[in-house]
Amino acid sequence: MVNPETPFWQKTVDSQIVAVTVYNDQALVTRRAVVSLAGGERELVITPLPVTLATDSIRVSGVGTAVVKLLGVSSDRLQTTEPVGEKVAQLTRQIQQIETQKRHLQAQIDALSLQSNFIAGLREKTEEPFSQSLARKNLSLSETLDFLNFLGSQYCEYAIATGECKAQLPELEKQLQTLRAALQKIQTHQLKENLNVIVGVEVKEPGEFELEIAYMISHASWQPLYDLRVNSASDGLHLSYLAEITQSTGEDWLGVELTLSTAKPGHSTLPPQLKPWYIDTPMARMEDIAQRSMPYPPAMALPMPVFRSPSKPVKPEIEEENASETVGNPHPHQGSVVTLKFAGEGKIPSDGKPHKITICQQDYPCRFEYVAIPSLVSFAYLQVHFQNNVNGMTLLPGTANIFRNHIFVGTTQLENILPGEEFKLNLGIDEGLKIERDLLEIQVDKKIISNQRRVTYAYRLIITNLLNQAANLQLTEQLPVSRSEHIQVHLIGNNPEIEKSKTGILSWVLTISAQEKQEIYYQFAVEHPPELTVVGLDI
């Protein structure tokens with residue numbers, strides 16, 4: 001514990017967080033404070049600070065009318081107890097209120113029980129007189145029924161009310177147990193650990209001094225998120241670029257100047273160095289083993305070089321880097337480091353929960369294209385192509401939620417998209433294009449020509465555009481590819497005409513008008529010696 005009596009030469013400084021730069025797994029926090037210096041101070045104490053900060057990263061500077069020489073920085077751990085008086089009073093009031101409700105409920109239950117007992121006693125006392133009166137015809141049947149209905153309705157009403165009151169008691173008791181446990185917990189004094197940063201100073205001239213302290217702190221991170229909304233009618237794509245920030249540093253970031261960066265501070269700026277990669281012969285290896293087994297003194301045991309794989313890179317030394325500040329709101333990128341700055345928009349509490357802020361929103365013209373592989377799926381997949389603005393922002397790798405015509409399609413992972421770079425987005429199956437694929441014939445030639453058997457296959461595909469606009473379609477089929485010199489595959493006919501690739505891929509690029517059909521036909525032949533069995537030709 002620090003002595004609560006502050007020495008005359010020591011001054012406690014009340015600082016505020018003014019700026020935070022969030023990196024991938026840590027943050028750079030900047031605090032400022034204005035302090036009046038009389039001239040006799042030798043230490044300025046900034047407290048309390050979280051213990052999760054890296055003490056070796058603390059940097060201090062300052063300006064002002066006072067002339068001050070900063071001598072050094074040190075840190076000290078401090079254990080304190082949080083004030084709990086108000087919390088105790090609040091919990092005590094809640095417990096008293098619930099106990100009062102319990103007493104009122106119990107009183108109602110006792111009263112209802114008394115009324116129920118009275119009705120039961122009345123029934124017992126009037127049972128015999130009623131029977132005699134009925135026998136003597138002193139009471140009519142309707143009067144008797146009215147009295148019985150009165151007894152039954154009153155007894156039922158009291159029973160229902162009693163059950164409702166008793167049902168509330170366990171819930172109130174449960175609330176009481178929870179509140180009492182919370183009260184006991186906060187009444188148990190638990191020490192809270194903080195950090196003091198002590199700045200040694202030499203005040204040469206008194207005056208006002210603005211002190212700035214910066215430090216790195218863990219338990220903070222951010223990642224980019226995207227909402228991509230595609231409108232088929234307008235051929236446009238709306239992008240919402242978001243940042244999800246999470247921090248549990250022990251400090252709330254409220255109303256601060258917030259910067260998000262992809263830089264990696266603390267990593268070495270020097271490239272790793274390679275070590276020698278030795279190789280040798282097996283004989284030398286055997287000699288090496290033999291020499292190691294000889295009873296020579298350790299100083300004389302000279303190991304021979306042996307074969308080994310390339311050495312792993314040398315672990316980089318941890319070096320401190322000053323975080324560069326980029327002016328702008330937000331700035332797209334600077335070199336290979338992306339920096340996004342938000343003046344006064346940082347409101348991120350230290351609760352460990354993700355908090356989202358909008359980086360920007362952008363509309364892009366886009367081009368739709370359908371891709372189909374009929375041998376696998378009888379429908380086409382819709383893809384959208386767009387280009388990032390040449391003067392726009394770098395889109396960092398992150399998760400994107402895809403919406404098509406206000407309907408959620410799914411999620412995808414965006415890669416790094418630089419300004420001016422094109423990108424393709426998959427929107428899933430679109431049933432607006434229907435594809436039928438038929439095997440028209442399998443013909444085996446009866447004649448064997450040049451000691452070769454020939455089998456011919458023919459396919460027809462019918463593409464129907466059910467959409468209200470024309471569709472650009474890339475349709476792909478494939479031919480078998482031979483791995484044997486004795487088996488040959490020939491494309492002998494196709495319409496529209498195309499050439500097959502070396503891997504047997506047939507690809508047509510088509511434009512199909514709205515509500516129209518288009519046919520594709522292709523034919524291929526497989527030739528092989530008649531005694532040879534072909535494996536893998538599954539049609």
Side-chain angles (χ1 to χ4, degrees), residues 367-385 410 412-413 415 421-467 470-539:
R367 172 174 54 87
F368 292 97
E369 181 180 74
Y370 291 85
V371 176
I373 307 176
S375 61
L376 301 179
V377 182
S378 59
F379 293 97
Y381 288 79
L382 179 60
Q383 295 179 340
V384 59
H385 299 255
T412 188
Q413 292 294 321
E415 301 297 331
E421 186 176 357
E422 291 189 358
F423 181 75
K424 177 179 67 178
L425 189 66
N426 293 300
L427 301 181
I429 290 179
D430 189 332
E431 298 183 358
L433 287 184
K434 182 180 179 182
I435 303 173
E436 301 173 55
R437 182 177 186 265
D438 299 318
L439 176 61
L440 297 182
E441 65 172 348
I442 302 178
Q443 181 179 348
V444 181
D445 290 355
K446 296 181 180 180
K447 294 182 179 181
I448 296 177
I449 302 174
S450 300
N451 197 28
Q452 292 287 311
R453 182 183 299 278
R454 182 183 178 96
V455 184
T456 304
Y457 303 86
Y459 281 91
R460 180 182 64 187
L461 297 97
I462 302 175
I463 304 99
T464 304
N465 184 1
L466 304 175
L467 304 170
N472 298 318
L473 172 65
Q474 180 180 349
L475 187 144
T476 303
E477 285 281 279
Q478 66 178 149
L479 304 183
V481 179
S482 173
R483 289 185 172 182
S484 171
E485 61 181 5
H486 302 295
I487 305 174
Q488 297 182 0
V489 180
H490 304 283
L491 178 63
I492 57 178
N494 61 93
N495 184 27
E497 292 187 2
I498 57 170
E499 294 184 0
K500 73 168 184 175
S501 67
K502 293 182 180 180
T503 57
I505 298 299
L506 305 176
S507 183
W508 290 269
V509 178
L510 310 171
T511 300
I512 306 173
S513 302
Q515 304 297 323
E516 294 290 336
K517 291 185 178 181
Q518 191 164 339
E519 291 189 7
I520 291 179
Y521 174 87
Y522 69 94
Q523 188 179 36
F524 67 93
V526 179
E527 296 180 353
H528 59 87
E531 70 277 2
L532 185 67
T533 300
V534 179
V535 178
L537 191 60
D538 301 324
I539 300 297

Atom pair [atom1] ([X]) and [atom2] ([Y]), whose distance is rounded to the nearest 0.5 Å:
X	Y	atom1	atom2	value
L479	K500	CG	NZ	6.0 Å
L491	I498	CG	CD1	7.5 Å
D438	I462	CG	CD1	6.0 Å
N465	I463	CG	CD1	10.5 Å
T511	E516	OG1	CD	13.0 Å
I373	S378	CD1	OG	12.5 Å

Does any N or O in the side chain of [X] come within less than 3.5 Å of the main-chain N or O of [Y], such that one atom is a donor and the other an acceptor?
X	Y	value
Q518	I512	no
S482	I487	yes
W508	I520	no
N426	G428	no
Q443	T456	no
D430	Y381	no

What pair of heavy atoms forms the shortest contact from [X] to [Y], and how long is it?
X	Y	value
N451	P530	O-CD, 3.5 Å
L466	Q515	O-NE2, 2.9 Å
P496	E519	CD-O, 4.2 Å
A372	L473	CB-CD1, 3.8 Å
S375	E477	N-OE2, 3.5 Å
L467	A514	O-CB, 3.5 Å

Item to check | side chain to side chain donor-acceptor pair (under 3.5 Å) assessment of Q523 paired with Y457 | outcome: CA-CA 6 Å; Q523 188 179 36; Y457 303 86; over 6 Å; no

Give a yes or no on this: more than 12 heavy atoms of other residues, nucleotides or ligands lie within 6.0 Å of atom [atom1] of [X].
X	atom1	result
E499	CD	no
E497	CD	no
F368	CZ	yes
E441	CD	yes

Beyond-backbone contact of [X] with [Y], side-chain heavy atoms, under 4.5 angstrom:
X	Y	value
P374	L475	yes
L506	N494	no
S507	Q474	yes
H385	R367	yes
V534	P480	no
Y522	N495	no
R453	E527	no

Item to check | Check against side chain to side chain contact (heavy atoms under 4.5 Å, CB included), V377 and I429 | outcome: CA-CA 9 Å; V377 182; I429 290 179; 4.2 Å; yes

Checklist entry - Residues in ring pair (Phe, Tyr, Trp, His ring centres under 6.0 Å) with F423, at least two apart? => result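 Listed in chain order: F386.
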
Item to check | E369 vs K424, salt bridge (charged side-chain N to carboxylate O under 4.0 Å, His left out): CA-CA, chis, key distance, verdict | outcome: CA-CA 10 Å; E369 181 180 74; K424 177 179 67 178; over 6 Å; no

Item to check | Worked verdict on Y370 versus N472 for side chain to side chain donor-acceptor pair (under 3.5 Å) | outcome: CA-CA 6 Å; Y370 291 85; N472 298 318; over 6 Å; no

Next on the checklist: Any salt bridge linking E436 with R460? Criterion: basic side-chain nitrogen under 4.0 Å from a carboxylate oxygen.
Outcome noted: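 Result for this pair is no, no salt bridge flagged.
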
Item to check | side chain to side chain contact (heavy atoms under 4.5 Å, CB included) assessment of V455 paired with I442 | outcome: CA-CA 7 Å; V455 184; I442 302 178; 4.0 Å; yes

Checklist entry - Passes side chain to side chain contact (heavy atoms under 4.5 Å, CB included), V489 versus V481? Steps please. => result CA-CA 7 Å; V489 180; V481 179; over 6 Å; no

